[in-house]
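Reminder, nothing fancy here: chain letters follow the sequence lines and each chain counts from 1. Every heavy atom of this structure was used, including side-chain atoms; hydrogens, water molecules and symmetry mates were not.
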Amino acid sequence: MRPVIALCDANAFYCSCERVFDPTLIGRPLGVLSNNDGCIVARTPELKALGVAMGTPAFRVRHLLEQGVIDLRSSNYALYGDMSSRFMSVLEQFSPKVEVYSIDEAFVDLAGFPADQLHGIGADMKQRVQQWTGLPIGVGIANNKTLAKLANYAAKNYPATGGVVDLTDPVRQRRLMDITPVREVWGVGSRIGKRLDHWGIRTAGELSKCKPAWIRKEFSVVLERTVCELQGESCIPWEEEITGNKHQIICSRSFGQAVTTFDDLHAALVNFVDRACEKLRAQGKFSREALIMIRTDPYRDAPQHNANLTLSIPEPTCDTRRWLQLLRPGLEKIYREGFLYRKAGFMLVDLCDGTGFQADLWSEHVLPETPAMMTVMDAINRRYGKQTLKPAAVGLNERPWHMARKMLTPQYTTRWSDILKVNAKGQKYPSTFH
DNA sequence: TCTGGGGTCCTAGGACCC
DNA sequence: TCTGGGGTCCTAGGACCC
């Protein structure tokens with residue numbers, strides 16, 4: 001049976017989430033900022049129309065904000081995460097096989113449906129997600145993932161499509177590819193795009209006509225796969241439905257303001273270790289190698305100091321306390337006095353699931369175990385909120401490294417005290433709001 | 001004043017093995 | 001004069017994704 005895949009992707013996802021709960025933002029140029037209110041990571045079409053590029057630092061558009069031309073919001077991941085899972089559960093009504101590719105998009109298996117029904121199914125998906133979650137989405141349908149991505153691109157960029165494109169027909173494929181810049185193809189980034197340009201390959205259509213073997217020789221097997229997919233072959237498999245089956249866990253942050261003291265830097269890293277180990281246990285995994293990283297601000301005209309250090313433990317562990325014991329001496333090795341630190345991170349690598357590893361000759365345990373104390377701590381934090389119990393070294397006071405989020409909206413869907421209040425008489429919200 | 005935080009996969013080259 | 005061939009593992013770095 002020929003594979004049929006729908007790629008469903010929410011439009012300007014973070015912005016759309018904000019609009020669901022504040023309809024006064026509908027029609028306005030709106031941007032959502034990265035952590036620390038640093039740069040713009042999501043834009044509505046109205047903001048794009050003003051020429052504000054992805055990744056623009058917030059300070060460059062401050063004048064527009066002050067003039068009331070645009071709106072900005074801090075990123076509210078509690079809200080976006082919850083809206084994402086609502087979106088995904090609507091998709092799961094259409095097919096038993098849904099691969100969540102990122103917070104705002106998913107591949108949906110539609111193999112087996114008659115060809116003449118595909119467009120209608122796509123339209124139903126779009127309509128139901130809109131009605132049940134308030135999120136506008138685009139749907140692209142094709143015979144492999146790369147073409148589904150391309151179909152989705154068309155759904156978003158050509159209003160006449162109504163946001164749904166069935167690209168299973170080869171004639172339509174060819175027509176679309178001939179007018180699509182090669183840079184829009186999934187897997188072609190700015191670097192590869194530039195190199196393709198040198199060969200005179202500027203559209204998806206031109207890329208699709210290349211010989212895969214030649215592409216492999218000049219570029220890579222990765223791009224070769226992309227070309228094969230553009231030619232209709234199916235090369236990128238469905239990901240196994242193992243949630244959280246990661247190979248590494250990273251917790252890193254830029255700081256709200258520069259950190260200068262050892263103690264502050266240490267406290268920030270304790271925080272990252274705490275969260276990384278919590279994620280590790282949530283996946284039922286263990287690790288015996290970690291990396292600590294500290295960075296100064298590369299954009300600042302000040303002395304720079306960037307350093308990494310690898311920490312190792314003989315037998316795999318998921319015990320926060322084990323890593324914390326190594327953290328302070330490790331940080332002492334790479335910390336230098338007199339620098340303005342802007343970012344730090346902790347990364348667990350070499351994850352294993354507790355079987356099939358080399359045990360320490362002198363260890364009492366044959367298999368790694370989750371210490372009871374960690375299990376209890378996780379249970380309490382799940383029930384009473386994040387970091388209800390935390391390592392004392394995190395500290396109790398506000399620290400300079402806390403994230404700046406000056407334009408944060410409430411956690412409408414995940415915190416009782418933040419739930420939206422609607423005034424029936426006030427007519428505050430337009431009728432599209434249910 | 002002010003520029004994110006995750007991830008993945010692939011390749012090349014060095015160290016080391018017999 | 002003349003110095004192999006095949007393999008693994010690890011790491012760093014590059015490229016991509018959202």
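- Ring orientation note: the planes of A:His266 and A:Phe262 are close to parallel, at an angle under 30° on the 30°/60° scale.
- If you check B:dG4, C:dC17, B:dG6 against the side chain of A:Arg183, the one that comes closest is C:dC17.
- Under 4.0 angstrom from either OP1 or OP2 of C:dA15 there lies no side-chain N or O belonging to A:Ser190.
- To the nearest angstrom, P of B:dG7 lies 10 Å from CG of A:Leu348.
- The aromatic rings of A:Tyr158 and A:Tyr153 sit perpendicular, their planes meeting at an angle over 60°, well past the 30° parallel limit.
- The A:Arg191 side chain lies nearest to C:dC16 when the options are C:dC16, B:dG5, C:dC18.
- Atom-to-atom, CG of A:Leu207 to C1' of C:dC16 comes out at 15 Å; the value is rounded to the nearest Å.
- Residue A:Lys145 forms a salt bridge (Lys or Arg N to Asp or Glu O under 4.0 Å) with just one option from A:Glu233, A:Glu99, A:Glu105, and that option is A:Glu99.
- With hydrogens and angles ignored, a donor-acceptor pair closer than 3.5 Å exists between the side chain of A:Arg62 and the base of B:dT1.
- Across the protein-nucleic acid pair, A:Arg405 atom CZ and B:dG5 atom C1' stand 13 Å apart, rounded to whole Å.
- Close to B:dG7, at under 4.0 Å from its OP1 or OP2, lies no side-chain N or O of A:Ser102.
- Within the 4.0 angstrom heavy-atom criterion, no nucleotide atom of any strand lies near A:Asp37.
- In this structure, A:Leu7 places its CG atom 9 Å from P of C:dC18, rounding to the nearest Å.
- Mapping A:Lys279 and A:Cys39 onto DNA chain B by nearest heavy atom places A:Cys39 closer to the 5' end of the strand.
- Ring planes of A:Trp238 and A:Phe107: perpendicular class, angle over 60° (limits at 30 and 60°).
- Within the 4.0 angstrom heavy-atom criterion, only backbone atoms of the sugar-phosphate kind lie near A:Ile192; the bases stay farther away.
- Residue A:Arg253 has its side chain nearest to B:dG6 when only B:dG6, C:dC17, C:dA15 are considered.
- Using a 4.0 Å heavy-atom criterion, one finds that A:Tyr101 contacts the sugar-phosphate atoms exclusively.
- When each of C:dA15, B:dG5, B:dC10 is scored by its nearest atom to the side-chain atoms of A:Ser254, the top-ranked nucleotide is B:dG5.
- A:Asn35 has its CG atom 17 Å from the P atom of B:dC2, to the nearest Å.
- Comparing A:Phe59 and A:Lys343 against DNA chain B, the residue whose closest nucleotide sits nearer the 5' end is A:Phe59.
- Neither side chain, A:Thr317 nor A:Asp319, offers a donor N or O lying under 3.5 Å from an acceptor on the other.
- Remark: side-chain polar atoms of A:Asn144 are paired, donor with acceptor, to backbone N or O of A:Thr146 under 3.5 angstrom.
- Atom CZ in A:Arg225 sits roughly 11 Å away from atom C1' in B:dT8 (whole-Å rounding).
- Secondary structure note: stems in DNA chain C built from 3 or more consecutive Watson-Crick or G-U wobble pairs under 3.5 Å occupy B:5-18 with C:5-18.
- Note that CH2 of A:Trp323 is 7.5 Å distant from CD of A:Glu289, once rounded to the nearest 0.5 Å.
- OP1 or OP2 of B:dC2 sits under 4.0 Å from a side-chain N or O of A:Arg300.
- Across all strands shown, A:Ser220 has no heavy atoms under 4.0 Å from either base or sugar-phosphate atoms.
- Within 4.0 Å of A:Ile249, counting heavy atoms only, lie sugar-phosphate atoms of the nucleic acid but no base atom.
- In this structure, A:Asp378 and A:Glu278 have side chains that are in contact, with non-hydrogen atoms separated by less than 4.5 Å.
- Side-chain contact check for A:Asp82 and A:Gln411: no donor-acceptor pair (N or O, by modelled atom type) lies under 3.5 Å.
- Between A:Lys149 and C:dC18 there is a side-chain N or O to OP1 or OP2 distance below 4.0 Å.
- Rounded to whole Å, the distance from CG on A:Leu72 to C1' on B:dC2 is 13 Å.
- In this structure, A:Gln248 reaches the bases: a heavy-atom distance under 4.0 Å links it to at least one base atom across the strands shown.
- With rounding to whole Å, A:Asn76 atom CG is found 19 Å from B:dG4 atom P.
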